Amino acid sequence: MGERYEQRAFAVPPDATEILLVRHGASQDAVPGEPFELLEGHADPALSPVGEQQALKVAERLADEPLQAIYTSRLTRTVQTAGPLAERLGLQPTALPELNEVKLGDWEGGEFRIRGYRGDPLFFRVLEEERWDVIPNGESNEALGERVRTGIERMVAEAGTGVSVAAFVHGGVIGELCRQATESRPFAFVHADNCSVSRLIVLGNGRWLLRSFNDTSHLA
């Protein structure tokens, strides 16, 4: 009988790092006239009760993953979302400012969400032109791309290769990282749901692979 080669599941190469990108849970409601407090120029709401439950569910989902480290942005909603998983695994999360959400300029503090609900034409221009800096004083796509890539490179350098880590981040950050991995349109991946999981592989040669996007099966 000749040689036989079975079809096998993907395995992370020994010179690669797997990063589980987890969007934070649902945050507090935006209320007109009551802007969220800012941290380093970013809106910094806490999780809503719904977001707290989502954080417990994603912790349950990822509890059996062979995670070596947990990273967050510096914003409250990612730190709170990471908390239940960090406690279960006995890991101390590392906060990286490079992973903070895209800067929304004059629409910080919850204004972006309010404008979207109210159908502001400029909100739809942001989506049509696929640029954050359509918003007055908003961060450019180029600046966002450079800093989040720096965050990923820092994460890989600290965690090493042949390991898996979790990064609790934001919708705009996930969208930009997936864009870089796939060389897609700027906003092709900006629709990640709260507490969804996407898998990014950083290979030893510097190339990125997007293994999955917006897995929410644990939230059903």
Side-chain angles (χ1 to χ4, degrees), residues 1-25 54-72 78 81-82 84-94 96 98-99 130 141 144-220:
M1 196 170 181
E3 292 180 294
R4 300 168 67 92
Y5 301 93
E6 66 178 355
Q7 199 165 33
R8 297 183 297 182
F10 176 86
V12 179
D15 66 343
T17 306
E18 180 182 46
I19 302 173
L20 277 59
L21 300 171
V22 185
R23 190 184 176 201
H24 62 80
Q54 291 171 333
L56 293 174
K57 290 181 178 180
V58 80
E60 180 71 24
R61 168 68 185 278
L62 300 181
D64 294 329
E65 293 279 345
L67 298 173
Q68 300 297 308
I70 294 175
Y71 294 87
T72 69
T78 64
T81 305
L85 180 63
E87 184 176 357
R88 290 188 66 147
L89 299 182
L91 295 173
Q92 179 63 43
T94 299
L96 300 180
E98 296 91 343
L99 302 180
E130 300 191 322
N141 292 20
L144 173 65
E146 182 177 349
R147 74 169 168 86
V148 298
R149 192 172 190 96
T150 297
I152 292 294
E153 291 171 349
R154 179 176 169 187
M155 200 184 308
V156 170
E158 291 182 3
T161 57
V163 300
S164 295
V165 302
F168 288 77
V169 290
H170 305 269
V173 172
I174 292 172
E176 173 57 24
L177 293 173
C178 293
R179 182 204 68 77
Q180 292 190 34
T182 61
E183 298 183 354
S184 69
R185 291 186 358 254
F187 279 21
F189 292 96
V190 296
H191 54 284
D193 291 310
N194 293 114
C195 271
S196 62
V197 179
S198 303
R199 292 178 185 261
L200 178 69
I201 309 294
V202 179
L203 299 173
N205 63 7
R207 293 183 63 189
W208 292 7
L209 299 176
L210 183 62
R211 283 279 294 153
S212 68
F213 172 71
N214 200 48
D215 180 359
T216 59
S217 58
H218 49 287
L219 301 177

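Source: prediction; values computed, not measured.
- With rounding to the nearest 0.5 angstrom, the CG atom of L96 is 5.5 Å from the CE atom of M155.
- Residues satisfying the salt bridge (Lys or Arg N to Asp or Glu O under 4.0 Å) test with R154, not counting sequence neighbours, are E98, E158.
- Remark: the backbone N or O of S198 is not paired with any side-chain donor or acceptor of D215 at under 3.5 angstrom.
- The main-chain N or O of G25 is found under 3.5 Å from a side-chain atom of T81 such that the two form a donor-acceptor pair.
- Looking at Q180, its side chain does come within 3.5 Å of a backbone N or O of G145 through a donor-acceptor pair.
- Between W208 and E183, the closest side-chain pair of non-hydrogen atoms is not below 4.5 Å.
- Taking 4.5 Å as the limit, every side-chain heavy atom of L200 sits out of range of all side-chain heavy atoms of R211.
- If you take CG on L99 and OG1 on T78, they are separated by 8.0 Å, rounding to the nearest 0.5 Å.
- Nearest heavy atom pair, residue Y71 against residue A159, reads OH-N, 3.9 Å.
- Evaluation of the salt bridge (Lys or Arg N to Asp or Glu O under 4.0 Å) rule for R4 yields no partner, not counting sequence neighbours.
- Pairing each heavy atom of L62 with each of V22, the nearest pair is CD1-CG2, 3.9 Å.
- The environment of CD in E146 is sparse: at most 12 heavy-atom neighbours from other residues, nucleotides or ligands sit within 6.0 Å.
- Atom OG1 of T72 and atom CD1 of I70 lie 9.5 Å apart (nearest 0.5 Å).
- Closest of all the heavy-atom pairs between L210 and C178 is CD1-SG, 3.7 Å.
- A distance-only check finds a donor-acceptor pair linking the side chain of T17 to the backbone of G160 [under 3.5 Å].
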| query | Which is it for L85 and V58 under the side-chain contact (heavy atoms from CB on, under 4.5 Å) test, yes or no, and what are the steps along the way? | reply | CA-CA 8 Å; L85 180 63; V58 80; 6.0 Å; no
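- Sparse packing is recorded around CG of D64, with 12 or fewer heavy atoms of other residues, nucleotides or ligands lying under 6.0 Å away.
- Of the N and O atoms on the side chains of T161 and D15, not one donor lies less than 3.5 Å from an acceptor on the other residue.
- The distance from the OG atom of S196 to the CD1 atom of I174 is 5.0 Å, given to the nearest 0.5 Å.
- Qualifying ring-ring contact (aromatic ring centres under 6.0 Å, His included) partners for F187, counting only residues two or more places apart in sequence or in other chains: W132.
- Closest approach of A63 and L89 over heavy atoms only: O-CD2, 3.4 Å.
- In this structure, H218 has no ring-ring contact (aromatic ring centres under 6.0 Å, His included) partners at least two apart in sequence or on a different chain.
- With hydrogens and angles disregarded, a donor-acceptor distance shorter than 3.5 Å links the side chain of R23 to the backbone of A192.
- For the atom pair I19 CD1 and I152 CD1, the distance stands at 4.0 Å (nearest 0.5 Å).
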| Verdict with reasoning, V163 to E18, per side-chain contact (heavy atoms from CB on, under 4.5 Å) | CA-CA 6 Å; V163 300; E18 180 182 46; over 6 Å; no
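- Evaluation of the salt bridge (Lys or Arg N to Asp or Glu O under 4.0 Å) rule for E65 yields R199 as partners, not counting sequence neighbours.
- Rounded to the nearest 0.5 angstrom, L177 CG and L144 CG are separated by 8.0 Å.
- Across all their heavy atoms, L67 and V165 have their closest contact at CD2-C, 3.6 Å.
- For residues 163-177, every residue pair satisfying the salt bridge (Lys or Arg N to Asp or Glu O under 4.0 Å) rule, not counting sequence neighbours, is listed here: E176-R179.
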